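Taking it in order: structure first as structure tokens, then the write-up.
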Protein chains: 2
Amino acid sequence: MELRQLRSLVVLSEVHFNVSRTAERLNLVQSAVTQHLKQLEAEVGTALFVRHGKRLIGLSPVGEQVLCHACEVLRQIGNITAVGQDHSNEHQGLLRIGATHTQARYVLPPVIRAFARAYPQVELQIHQGTPAQLADLALRDLVDLAVCTEALGEEVALQTVPCYRWNRALVAPLAHPLLEVCPLTLNALGRYPIITYVFGFTGRSAFSDAFAKAGVKPQIVLSAADTDVIKTYVRSELGVGIIASLAYQPSEDQDLGMRDLSPLFPWEVTKIAYSRDKYLRKYHQHFIDIFKASTQDLITERVLEPALAHA
Amino acid sequence: MELRQLRSLVVLSEVHFNVSRTAERLNLVQSAVTQHLKQLEAEVGTALFVRHGKRLIGLSPVGEQVLCHACEVLRQIGNITAVGQDHSNEHQGLLRIGATHTQARYVLPPVIRAFARAYPQVELQIHQGTPAQLADLALRDLVDLAVCTEALGEEVALQTVPCYRWNRALVAPLAHPLLEVCPLTLNALGRYPIITYVFGFTGRSAFSDAFAKAGVKPQIVLSAADTDVIKTYVRSELGVGIIASLAYQPSEDQDLGMRDLSPLFPWEVTKIAYSRDKYLRKYHQHFIDIFKASTQDLITERVLEPALAHA
DNA sequence: GTTCGTTACGGGCAACGTAACCATT
DNA sequence: AATGGTTACGTTGCCCGTAACGAAC
């Protein structure tokens with residue numbers, strides 16, 4: 001058994017079992033990949049693939065298991081090279097971050113800036129996706145670190161590091177009556193059309209639960225995965241927005257009023273997650289530190305103070 | 001990076017960094033192993049070994065980490081071949097069991113007999129060791145399954161399957177007064193010289209705790225790792241023996257009297273442990289089933305009934 | 001002096017690439 | 001047709017083994 005055979009298998013599974021594409025990605029010729037797969041099947045002693053004639057369609061049950069172990073092998077091989085680079089080229093490498101739109105747009109910029117200053121030779125990649133996709137990317141080691149609020153808490157194969165707490169804010173056109181209502185309650189919110197995040201995103205389920213518990217049925221006129229989209233529709237007066245308060249930017253959002261909603265909804269915790277059997281390079285760990293330090297400011301400036309004001 | 005390089009590294013660490021022995025084990029020549037190690041160091045980019053001149057003495061910190069990942073790689077490679085064999089030669093293979101002497105001598109024989117009948121083509125190996133050694137063997141995948149009562153409960157990298165409960169029995173020459181004392185207490189035991197297991201073996205620490213809690217200081221005249229040794233010295237009247245009750249064999253131990261001690265000591269649980277990231281072949285799992293079923297009888301015949309009698 | 005590790009060199013295997021041949025859409 | 005996969009065959013690279021050298025105990 002050879003590593004190249006496993007590489008062919010793993011890449012094959014990533015390109016929908018197209019042998020030609022697999023060969024391209026590996027800088028090989030198709031026939032070489034065919035050989036690898038053939039040899040692997042011979043060594044394992046069973047068919048690993050489901051075939052339609054000559055075309056490969058998918059994996060047999062045995063193939064699934066083999067793939068799983070093969071991924072782990074390659075990850076560990078990656079870890080070995082990472083250990084090496086960490087001791088020779090400590091400041092050089094690649095950092096692949098997975099994040100939701102909100103994180104990428106409103107939380108990561110200062111973190112990335114600080115990190116890039118500290119590690120100018122580390123190439124940065126930001127991959128966007130839904131929380132569920134991010135968990136998957138982290139598990140398959142297609143990103144190094146996933147920044148995420150939901151959906152990865154229960155995945156045991158992921159190590160999660162809690163980083164900061166946040167809560168929601170109401171945004172509405174400046175003259176909107178909800179900006180003045182006192183006290184502001186879930187009931188009051190329920191009387192206006194609301195624009196907020198789609199399910200699976202940014203604390204949406206806790207959001208809905210809060211309304212359900214209060215016996216209020218909110219009028220969600222629009223859901224979006226993306227705070228910018230929400231703001232856009234708020235500006236066109238489709239409804240009031242409920243967004244993560246850290247996504248309100250005083251400088252750019254002067255035309256929108258903002259009210260902290262932390263008394264009404266539970267706090268959310270944003271974490272950084274990574275695969276448990278992944279070796280974190282020094283700069284990976286440093287990124288986490290920077291992220292935590294930087295978001296500490298977020299908490300003090302944006303979240304804790306308004307929260308205290310309402311307390 | 002190639003698998004053979006990692007194999008050389010791992011085997012090297014198993015033979016105290018003797019390159020020649022490594023080569024023998026791998027059916028290679030010394031120079032080949034030297035090459036592998038050299039290439040690996042080159043790829044990792046750092047010294048992996050501590051050297052005294054040309055001799056290899058140990059691993060550098062980086063080497064330790066690399067070794068760790070390399071072991072994992074090889075284990076997963078092993079899992080892949082295991083998956084394959086499980087689907088082609090389901091009934092052929094190797095079963096390496098780690099056990100303490102007591103398990104190997106008194107518990108395993110009927111299990112092994114049943115297993116060997118079911119899988120005549122599976123080669124069996126029994127490795128003996130202390131519980132701590134067994135845990136280590138299982139972690140390093142030098143045994144498939146470790147049968148053990150202690151010392152592996154807290155190791156998170158081991159999966160443990162509880163199998164049966166047992167407790168202790170007093171064994172003494174037939175005329176010994178302790179066989180008649182009623183009620184039998186820890187205090188009474190404390191008045192006679194005792195022979196039992198050494199620390200780290202077969203529930204010895206719970207044994208000592210029981211005495212300590214009762215404020216009794218037992219007179220341990222001899223400790224042994226091995227029930228047979230204990231019985232031998234009991235026969236030569238050096239003291240009374242306290243052994244796992246399942247190690248008393250009515251047919252062969254007619255010259256010794258036996259009294260159940262389960263009211264005096266806590267129950268122990270014997271488990272089967274294996275490395276979490278190990279693929280268990282069908283017959284591995286079947287062995288666990290047979291073990292549990294077979295020891296179920298032990299409980300009914302030897303443990304539960306006397307326990308009820310005393311209840 | 002013996003055991004052990006490194007280096008140099010040559011032969012043999014096998015991995016890859018080219019190319020011609022099938023299969024599927 | 002065109003895209004995708006398999007098989008056959010030749011060449012190159014490199015992996016191992018032999019052997020001579022150098023260290024360490």
Side-chain angles (χ1 to χ4, degrees), chain A residues 1-60 62-63 66-67 70 73-74 77 80-81, chain B residues 1-60 62-63 66-67 70 73-74 77 80-81:
Chain A
M1 180 145 346
E2 295 294 326
L3 288 177
R4 40 179 174 277
Q5 297 160 11
L6 302 182
R7 285 201 189 92
S8 290
L9 172 66
V10 171
V11 173
L12 185 76
S13 75
E14 287 173 357
V15 295
H16 303 295
F17 302 93
N18 183 318
V19 180
S20 312
R21 282 176 190 284
T22 304
E24 281 174 33
R25 280 225 196 165
L26 292 168
N27 298 315
L28 289 173
V29 87
Q30 296 93 333
S31 69
V33 175
T34 301
Q35 295 296 339
H36 296 167
L37 302 175
K38 222 180 154 128
Q39 291 160 0
L40 198 56
E41 275 193 317
E43 286 200 57
V44 176
T46 324
L48 298 178
F49 307 102
V50 181
R51 301 167 201 259
H52 260 312
K54 290 188 173 181
R55 308 260 164 139
L56 303 183
I57 298 296
L59 288 169
S60 71
V62 188
V66 172
L67 173 64
V73 167
L74 297 185
I77 295 287
I80 291 178
T81 69
Chain B
M1 181 144 345
E2 295 295 325
L3 288 178
R4 42 180 173 277
Q5 297 160 10
L6 303 181
R7 283 199 192 94
S8 290
L9 172 65
V10 171
V11 173
L12 185 76
S13 74
E14 288 173 355
V15 295
H16 303 295
F17 301 94
N18 183 316
V19 179
S20 312
R21 282 175 191 283
T22 304
E24 280 175 32
R25 280 225 196 165
L26 292 168
N27 298 316
L28 288 173
V29 86
Q30 296 94 330
S31 68
V33 174
T34 300
Q35 295 295 339
H36 296 168
L37 302 175
K38 223 179 154 135
Q39 292 161 2
L40 197 56
E41 275 193 318
E43 286 201 56
V44 175
T46 324
L48 298 178
F49 306 102
V50 181
R51 300 169 203 258
H52 260 311
K54 289 189 173 181
R55 307 259 165 141
L56 303 184
I57 297 297
L59 288 169
S60 72
V62 188
V66 172
L67 173 64
V73 167
L74 297 186
I77 295 287
I80 291 177
T81 69

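This is a predicted model, so every value here is computed, not measured. Chain identifiers are assigned alphabetically (A, B, ...) following the order of the sequence lines, protein sequences preceding nucleic acid strands; residue numbering begins at 1 within each chain.
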| request: Please work out if Val29(A) contacts a base, only the sugar-phosphate, or nothing of the nucleic acid, heavy-atom cut-off 4.0 Å. | output: base
| query | Do the non-hydrogen side-chain atoms of Glu2(A) and Arg4(B) ever get within less than 4.5 Å of each other? | reply | yes
| Nearest non-hydrogen partners of Leu37(A) and Phe49(A), listed with the distance | CD2-CZ, 3.8 Å
| message | Restricting to side chain to side chain donor-acceptor pair (under 3.5 Å), what partner residues turn up for Arg51(A), sequence neighbours left out? | response | Glu41(A)
| query | Once each nucleotide of nucleotides 19-25 of chain C is scored for protein heavy atoms under 4.0 Å, what B/S/- sequence comes out, 5' to 3'? | reply | ---BBB-
| note | Which of Leu6(B), Leu28(B), Leu9(B), Leu26(B) passes side chain to side chain contact (heavy atoms under 4.5 Å, CB included) with His36(B)? Answer is Leu28(B)
| field | Sub-4.5 Å side-chain heavy-atom contact between Leu67(B) and Val10(B) | value | yes
| query | What is the nucleic acid contact for Phe49(B), judged by heavy atoms within less than 4.0 Å: base, sugar-phosphate only, or nothing? | reply | nothing
| note | Between Ser60(B) and Ala47(B), the two heavy atoms sitting closest are OG-O, 2.8 Å
| request: Could you tell me whether Ser20(B) contacts a base, only the sugar-phosphate backbone, or nothing, with contacts defined as non-hydrogen atoms closer than 4.0 Å? | output: sugar-phosphate
| For DNA chain D, which nucleotides open and close the run of contacts to chain A, 5' to 3', at under 4.0 angstrom from a non-hydrogen atom? | dT3(D) to dT7(D)
| said: If I compare all heavy atoms of Met1(A) with all of Leu3(B), which pair ends up nearest, and what's the gap? | reply: O-CD1, 3.3 Å
| query | From dG17(C), dA15(C), dT6(C), pick the nucleotide closest to the side chain of Gln39(A)? | reply | dA15(C)
| query | How is Arg51(A) classified with respect to the nucleic acid when contacts are heavy atoms under 4.0 Å: base, sugar-phosphate, or nothing? | reply | sugar-phosphate
| request: Go through the structure and list residues passing salt bridge (charged side-chain N to carboxylate O under 4.0 Å, His left out) with Glu14(B), not counting sequence neighbours. | output: Arg25(B)
| task | Specify the separation, in whole Å, of atom CG of Asn18(B) and atom C1' of dT3(C). | result | 9 Å
| task | Could you grab the distance from atom CZ of Arg7(A) to atom CG of Leu12(A), nearest 0.5 Å is fine? | result | 15.0 Å
| query | What is the distance from CD of Glu43(A) to C1' of dA14(C), rounded to the nearest Å? | reply | 14 Å
| query | Do you know which two heavy atoms are closest between Ser8(B) and Thr22(B), and how far apart they sit? | reply | O-CG2, 3.6 Å
| remark: To the nearest 0.5 Å, atom CG of Leu48(A) lies from atom CG of Leu56(A) at 10.5 Å
| To the nearest 10 degrees, what angle separates the axes at the start and end of the helix from dG1(C)-dC25(D) to dA20(C)-dT6(D), five pairs each? | 30°
| query | Whole-Å distance between dT3(C) P and Glu24(B) CD? | reply | 12 Å
| At their closest point, which heavy atom of Thr46(B) faces which heavy atom of Val62(B), and how far apart are they? | CG2-CG2, 4.3 Å
| query | Can you tell me how far P of dA14(C) sits from CG of Leu40(A), to the nearest Å? | reply | 17 Å
| Listed in order of residue number, which residues of residues 5-15 of chain B have a non-hydrogen atom at under 4.0 Å from DNA chain C? | none
| Value in whole Å for how far the C1' atom of dT6(C) lies from CG of Leu28(B) | 16 Å
| Nucleotide nearest Gln35(B) when distance is taken to its side chain, options dT6(C), dT7(C), dG17(C) | dT7(C)
| request: Evaluate the side-chain proximity of Thr81(A) to Glu43(B): yes if any heavy-atom separation is below 4.5 Å, no if none is. | output: no
| task | Provide the closest heavy-atom pair for Leu40(B) versus Gln5(B) in the form atom of the first, atom of the second, distance. | result | CD1-OE1, 3.8 Å
